[in-house]
Amino acid sequence: MSGTSVMPPPSPPSQAAGQASASLSAYTLPLHTLRILGACAISLVLWFSAGRAVRAALMWLGPEITRGDYQQLRYVLTMLIFTLIVLNELVVMVGMLHSVRGALWEVRARREGGEADESMFGALNRATLVFATIYLAWSFHREDAREFAMFDLTAHADEDLQGTLAGTPAQGAGGLVGLDVRISLGIAVAAYLLKTLFGWWHANGKVRGSGVLTTFFELAFAFYGLNATIAFVGARSDWLSHRAVTTTVAGWIEQAEKAIPWWKGFWESVGEVWPHIVDGLIVPLTWLTVASLVYGAFAEDTRAVVRGTRLDAVADRMEQTHSLTRTTMTRATTGFQERWVPPANAFRLAARGGAALFGMFCLCYVALRVGTDYADRGIRTLIGSEEPFLWVVIAPSLEFVEDLVVAVLTTCLLAATFDIAATRGREAGEAVTA
């Protein structure tokens with residue numbers, strides 16, 4: 001489902017360059033976004049619809065597996081289903097970004113410059129592991145887990161109610177947290193060994209598809225390990241609360257609140273503002289990093305950002321422009337660096353287009369979501385709710401359309417931002433060289 005199949009043929013080099021130069025203003029970002037949408041709408045809709053169909057099937061399968069005999073085995077399979085749900089999200093996002101490659105000026109310029117175009121499978125194999133690292137570092141999987149748990153509760157609401165009336169405790173949504181800690185640890189260790197093996201094969205180009213398999217085992221290691229951690233901490237929460245370090249840190253915080261009058265108020269203010277900063281600046285930049293992974297980032301920029309981190313050694317091995325994202329991290333973790341290096345990288349990429357491009361990108365990203373929320377309220381008010389259970393039928397379709405619009409426009413916005421920034425950077429470099 002490549003977007004190139006639904007787009008007009010690339011313009012000749014001089015014509016493409018003229019179009020790009022005439023439309024490089026940051027204020028044309030919304031128009032460039034709509035241009036990409038018009039060229040690739042069909043492939044984007046197909047990718048999103050296919051992804052939602054797979055997600056719905058897995059969401060239905062998970063709760064069906066959870067209940068019954070051999071409970072621990074069922075919990076193992078349930079966690080496996082959840083891992084596939086998250087992997088499906090990563091694959092669909094990479095697929096949607098890749099499907100609009102042919103509409104980007106920068107990609108056309110690279111093709112005209114002799115750079116080989118990358119296949120969909122190549123993009124998946126290369127980009128999904130770093131994407132998974134970002135996805136886990138910013139806890140985007142929490143929304144997937146919340147939806148999975150709610151689906152489980154809803155699907156078995158009658159069964160749980162009957163069990164409660166009969167005096168049997170309801171199982172609830174235990175598929176993601178009910179696995180025995182020893183089994184979780186065993187599977188997590190096995191997943192870690194497998195992801196290390198496939199990661200080594202991927203770094204050395206030995207096995208086709210090893211990047212996607214490394215991603216799968218990275219996610220499995222994270223989720224089974226998280227389940228073991230929750231089980232361990234939950235069973236020993238009282239013990240942890242009396243540990244010397246925990247008690248000492250709590251005492252320091254309490255003393256600071258008493259000794260510094262403004263301490264508590266300051267952190268309360270930060271706590272109120274910080275979520276808006278994350279939603280309006282950090283998260284958009286993080287998704288822009290994902291786009292740069294799919295399209296290829298500028299190696300010299302990324303090397304400057306990652307210097308001093310785990311990725312520095314990888315960057316030093318790269319020689320040609322755009323080649324940094326051709327090699328993926330083989331040891332993906334979700335610490336401080338993986339949380340903040342991607343937004344820093346994306347900021348440097350957006351900075352190529354100037355402050356106006358960065359501001360327009362964040363403004364459009366936030367406006368799209370705010371506008372969708374208001375549109376949802378308006379549609380619900382217009383339809384009304386006089387008929388009983390009307391929204392049980394209408395709500396799923398409405399939510400699908402809203403998610404489709406947001407996902408498709410966000411993909412085009414990310415592609416357009418990358419395109420303008422990368423084209424400006426390339427042309428500036430060519431001007432300096434000349």
Between atom OG1 of Thr28 and atom CE of Met360, what is the distance when rounded to the nearest 0.5 Å? 8.5 Å
Ser49 side chain near Phe400 side chain, heavy-atom distance below 4.5 Å: yes
How long is the straight-line distance from NZ of Lys195 back to OG1 of Thr215, given to the nearest 0.5 Å? 10.5 Å
Does Asp419 reach the main-chain N or O of Ala415 with its side chain, forming a donor-acceptor pair under 3.5 Å? no
Are Asp373 and Arg377 close enough for a salt bridge, meaning some N to O gap below 4.0 Å? no
Okay, side chain of Arg108, backbone of Gly102: is any donor-acceptor separation there less than 3.5 Å? yes
For Ser99 and Leu44, what are the C-alpha separation, side-chain angles and deciding distance, and is it a side-chain contact (heavy atoms from CB on, under 4.5 Å)? CA-CA 7 Å; Ser99 68; Leu44 288 171; 3.5 Å; yes
Rounded distance [0.5 Å steps], OG1 in Thr289 versus CG in Leu414: 10.0 Å
Residues at least two apart in sequence or cross-chain that pass side chain to side chain donor-acceptor pair (under 3.5 Å) with Tyr224, listed by chain then number, are none
Sorted by chain and residue number, the side chain to side chain donor-acceptor pair (under 3.5 Å) partners of Asn88 (sequence neighbours excluded) come out as none
For the residue pair His141 and Phe223, categorise the inter-ring angle as parallel (less than 30°), tilted (30 to 60°) or perpendicular (more than 60°). tilted
For the residue pair Asn125 and Val212, what are the closest heavy atoms and their distance? OD1-N, 3.2 Å
Check whether any side-chain N or O of Thr214 sits under 3.5 Å from a backbone N or O of Phe198 as a donor-acceptor pair, and report yes or no. yes
Do Val91 and Val54 make a side-chain contact, defined as non-hydrogen atoms from C-beta onward lying under 4.5 Å apart? no
What salt bridge (charged side-chain N to carboxylate O under 4.0 Å, His left out) pairs are there with at least one residue in residues 395-410, not counting sequence neighbours? Arg52-Asp403
With sequence neighbours left out, write down each residue that passes ring-ring contact (aromatic ring centres under 6.0 Å, His included) with Tyr365, or none if nothing qualifies. none
Rounding to 0.5 Å, atoms CZ (Phe131) and CG (Leu136) come to a distance of 10.5 Å
Work out which heavy atom in Ile81 is nearest to a heavy atom in Leu58; give both atom names and the distance. CG2-O, 3.4 Å
Tell me the closest heavy-atom pair linking Phe151 and Pro63, and the distance in Å. CD2-CG, 3.7 Å
Shortest non-hydrogen pair, Val406 vs Leu368, comes out as O-CD2, 3.8 Å
Using the side chain to side chain donor-acceptor pair (under 3.5 Å) criterion, which residues pair with Thr410? Sequence neighbours excluded. Arg369
Any sub-3.5 Å donor-acceptor pair from Tyr135's side-chain atoms to Leu87's backbone N or O? no
Full working for side-chain contact (heavy atoms from CB on, under 4.5 Å) between Asn227 and Ile187: CA-CA 11 Å; Asn227 183 84; Ile187 297 177; over 6 Å; no
The reported gap from OG1 in Thr128 to CG in Leu213 (rounded to nearest 0.5 angstrom) is 9.5 Å
SG of Cys362 to CG of Leu285: how many Å apart, nearest 0.5 Å? 5.0 Å
One pair to check against side-chain contact (heavy atoms from CB on, under 4.5 Å): Tyr295 and Val100. What are the steps and the verdict? CA-CA 10 Å; Tyr295 301 132; Val100 303; 3.0 Å; yes
Heavy-atom nearest pair, Pro284 first then Gly280, reads CG-O, 3.5 Å
If you define the side chain from C-beta out and look only at heavy atoms, does anything of Thr66 sit under 4.5 Å from Arg74? no
Under a 3.5 Å distance rule, please check whether Arg101 uses its side chain to pair with a backbone N or O of Val294 as donor and acceptor. yes
Trp47 vs His98 side-chain heavy atoms within contact, under 4.5 Å: no
If you take all heavy atoms of Met59 and Asp144, which pair is closest and at what distance? CE-O, 4.0 Å
Would you please indicate if the ring centroids of Phe418 and Trp105 are separated by under 6.0 Å? no
Evaluate the side-chain contact (heavy atoms from CB on, under 4.5 Å) criterion for residues Leu413 and Leu29: first the C-alpha distance (whole Å), next the side-chain angles of each, then the deciding distance (0.1 Å), finally the verdict. CA-CA 8 Å; Leu413 177 63; Leu29 178 61; 3.8 Å; yes
Mind checking whether Phe361 and Trp287 have ring centres under 6.0 Å apart? no
Side chain to side chain donor-acceptor pair (under 3.5 Å) filter on Arg146, not counting sequence neighbours, yields Glu143
